[in-house]
Amino acid sequence: MIEFWCAGGSVTGTSVELARQREAEGWNGQMFMDSQSLSADPWVLMGAWALATERLKLCTGVTNPLTRHPAVSAASAASVQSLSGGRAVLGIGRGDSALAYLGRAPAPLGAFESSLRELQALLSGKAVDFTANGSLSETRSAETLSLGHRPEAAQLKWIPEGLAKVPLDVAATGPKVIRMAATLAERLTFSVGAIPERVQWALYTAREARREQGLAPGGISYGLQVILVCHPDIEAVREAATSFVAPLARFQIMLGEAAGPSSDSDRRNLEKIRAGYDMNTHGKVEAVDRLGGAELDFEFVRRFAIVGPPEHCIERLLELRAMGIERFVIVGPGFHPEVEPRQAPLFVREVMGAVRRAH
C-alpha cells in the first residue's frame with residue numbers, strides 16, 4: 001500500500017474544516033510541525049484533529065528529545081493514540097528550528113540513540129532507568145529530597161489496557177542516523193530529496209543495517225519527504241518550487257559535507273545553501289529563501305524536488321515506489337496557488353489516485 005501524508009508547517013491549524021478536508025481529499029495522514037517559536041503546539045493540534053476526523057493518521061513532523069523529554073513525548077503520543085482510536089504516530093528527529101530558536105544545535109548522536117530506546121520502552125508501557133537528559137541534567141536528583149519513598153524509574157502507568165503501541169517514525173538524512181533508526185524504529189522517513197541515487201543509497205544503508213543485526217527486511221516502513229509542485233506550466237511555479245528546496249535540502253549539508261552520492265551540480269547547490277541559508281525566514285512559506293544573493297540552479301531544484309505536470313509527478317513517484325518507498329510526505333500542495341483556490345490541489349485530483357491505481 002502507498003501512503004500519502006501532508007507535511008506540517010506553521011500554517012497548519014486547528015480548523016475543523018481543514019481537518020475534514022484533508023480526510024475527504026484522500027490523504028492517509030497529516031504531519032504537525034513541532035517548533036515552539038514558529039508553530040502552535042503539535043499535540044494540541046493533533047488532539048483537535050483526532051476529534052474532527054475518523055480515518056486520518058496524525059504524526060509530529062517532527063519533535064526532538066531535547067525540548068521535550070522522552071517521557072513527556074511518549075505520554076502525549078499515547079494520549080492522542082487513545083483519543084484517536086489508534087491513529088497516532090510519534091515522529092522524531094535530532095532537532096532543527098525548535099532548538100535553533102533556543103540557540104542550540106541538534107541533539108548529539110549518543111543522546112539521540114538513548115532517547116529512541118527510551119521512547120520505545122515507554123511507548124510499550126515498560127519502565128526505564130532514570131537518566132540525565134537535556135535540561136534535566138542541570139537539576140538535582142530526587143535522592144537529595146527528604147522522602148520516605150520515591151519513584152525508581154520512568155513509566156507511563158496510566159496507559160489504557162489494550163491500547164496499541166504508538167509507532168516510532170525517525171526522520172533521517174545522514175548514514176549514522178539512518179543505520180540507527182533502521183534497527184530501532186517501526187518507521188524511517190528519509191529527508192534526502194527525490195534524487196533517485198540518494199534515495200537508493202539511503203534505502204541500501206538502512207537495509208544493510210537491518211541485515212547486519214539479523215532483522216527481517218520487511219519489519220520497517222520506509223518513507224520519504226518529497227517537495228512536490230504539480231502544475232502544467234513549470235515556468236509559472238519556478239519561483240515557488242525553488243523557495244521550497246532550501247529548507248529541506250540544507251539537512252544534507254548543515255553539519256558538514258553531504259554523505260551519499262552527489263553530482264557536481266548537487267554539491268555546488270548544497271554549498272550555496274549551507275553558506276547562505278537564513279534561519280530567520282524558516283517556516284515563512286510565502287517568502288523566497290534568502291541565500292546570500294545566490295540562486296539555486298533550476299536543474300538541481302528539479303532533481304531534488306518533483307516539479308511538473310501530473311504525468312511527470314506520477315512517473316517520478318512510481319520510480320521512487322519501485323525502489324521501496326511506501327510513504328510519501330508531500331511538501332507543497334496548498335502552500336501556493338497551483339490551482340484555483342476553490343478546488344482541491346491538482347496533485348490531489350490527478351496524481352494521488354493515479355499512483356495508487358498504477359501500484
Side-chain angles (χ1 to χ4, degrees), residues 61-66 90-97 99-100 105-120 167-227 245-274 277 300 303-305 319-329 331:
V62 293
T63 191
N64 70 83
L66 298 183
L90 201 167
I92 189 169
R94 292 175 62 190
D96 181 36
S97 59
L99 293 172
L109 284 170
F112 186 57
E113 181 176 3
S114 296
S115 72
L116 296 184
R117 295 185 184 279
E118 290 181 18
L119 279 168
Q120 289 291 43
L168 192 63
D169 183 359
V170 178
T173 299
K176 293 180 181 179
V177 175
I178 290 174
R179 290 179 61 84
M180 178 193 305
T183 62
L184 294 176
E186 291 90 357
R187 296 177 175 223
L188 175 52
T189 300
F190 302 115
S191 184
V192 296
I195 299 173
E197 307 95 284
R198 293 187 61 75
V199 175
Q200 192 67 63
W201 163 79
L203 284 162
Y204 175 81
T205 301
R207 288 164 175 162
E208 279 296 288
R210 290 187 64 82
R211 184 187 63 78
E212 291 168 6
Q213 295 293 320
L215 299 173
I220 186 170
S221 171
Y222 296 116
L224 180 70
Q225 270 194 304
V226 179
I227 298 168
V245 167
L248 189 60
R250 69 194 172 83
F251 288 118
Q252 326 295 303
I253 201 78
M254 68 182 187
L255 295 177
E257 186 176 349
S262 298
S263 68
D264 291 341
S265 173
D266 295 341
R267 287 189 290 272
R268 183 171 62 252
N269 282 272
L270 289 171
E271 183 55 40
K272 289 181 184 179
I273 294 169
R274 182 171 67 170
Y277 188 76
F300 170 73
R303 271 171 54 80
F304 193 88
E319 177 187 19
L320 296 168
R321 175 64 189 97
M323 295 179 184
I325 297 298
E326 302 170 34
R327 288 175 292 103
F328 293 101
V329 179
V331 182

**Q** Quick check: closest heavy atoms across Thr205 and Pro175, and the distance to 0.1 Å?
**A** CG2-O, 4.0 Å
**Q** Nearest 0.5 Å please: distance from the CG atom of Leu184 over to the CG atom of Leu215.
**A** 9.0 Å
**Q** Give a yes or no on whether the backbone of Ser262 and the side-chain of Arg267 come within a donor-acceptor separation of less than 3.5 Å.
**A** yes
**Q** Do any N or O atoms from the side chain of Arg198 and from the backbone of Pro261 form a donor-acceptor pair under 3.5 angstrom?
**A** yes
**Q** Between the side chains of Glu113 and Lys176, is the shortest nitrogen-to-carboxylate-oxygen separation below 4.0 Å, so that they form an ion pair?
**A** no
**Q** Measure the CZ-CG distance between Arg187 and Leu90 for me, rounded to the nearest 0.5 Å.
**A** 11.5 Å
**Q** Kindly give the heavy-atom pair with the smallest separation between Val245 and Ile227, and that separation in Å.
**A** CA-CD1, 3.5 Å
**Q** Are Glu118 and Pro65 side-chain neighbours, meaning at least one heavy-atom pair lies under 4.5 Å?
**A** no
**Q** Any chance you could measure Gln200, atom CD, to Leu320, atom CG, to the nearest 0.5 Å?
**A** 10.0 Å
**Q** Look at the side chain of Arg327 and the backbone N and O of Ser221, then say whether any donor-acceptor pair between them is shorter than 3.5 Å.
**A** yes
**Q** Test Trp201 against Ile195 for side-chain contact (heavy atoms from CB on, under 4.5 Å), laying out the working first.
**A** CA-CA 10 Å; Trp201 163 79; Ile195 299 173; over 6 Å; no
**Q** Considering all heavy atoms of both residues, which atom of Ser265 and which atom of Phe300 are nearest to each other, and what is their separation?
**A** OG-CB, 3.9 Å
**Q** Please check this pair: side chain of Ser191 against backbone of Gln225, looking for a donor-acceptor N/O pair closer than 3.5 Å.
**A** no
**Q** Might you work through the side-chain contact (heavy atoms from CB on, under 4.5 Å) test for Leu203 and Ile325, ending with a clear yes or no?
**A** CA-CA 8 Å; Leu203 284 162; Ile325 297 298; 4.1 Å; yes
**Q** Using only atom types and a distance under 3.5 Å, with no angle test, would you say the side chain of Ser97 pairs donor to acceptor with the backbone of Ala100?
**A** no
**Q** Determine the sole option in Leu224, Ile220, Leu168, Asp169 for which the side-chain contact (heavy atoms from CB on, under 4.5 Å) test with Leu188 is passed.
**A** Ile220
**Q** Which atoms form the tightest heavy-atom contact between Gly324 and Tyr222, and what is the distance?
**A** O-CB, 3.9 Å
**Q** Which pair of heavy atoms, one from Ala105 and one from Leu99, lies closest together, and at what distance?
**A** O-CD1, 3.4 Å
**Q** Please round to the nearest 0.5 Å and tell me the distance separating atom CE of Met180 and atom CG of Leu116.
**A** 6.5 Å
**Q** Give the minimum heavy-atom separation between Ala185 and Gln120, together with the two atoms involved.
**A** CA-NE2, 3.7 Å
**Q** Test Ile92 against Leu119 for side-chain contact (heavy atoms from CB on, under 4.5 Å), laying out the working first.
**A** CA-CA 10 Å; Ile92 189 169; Leu119 279 168; 3.6 Å; yes
**Q** Indicate yes or no: at least one non-hydrogen side-chain atom of Asp266 is less than 4.5 angstrom from one of Ser263.
**A** yes
**Q** With sequence neighbours left out, write down each residue that passes salt bridge (charged side-chain N to carboxylate O under 4.0 Å, His left out) with Glu208, or none if nothing qualifies.
**A** Arg211
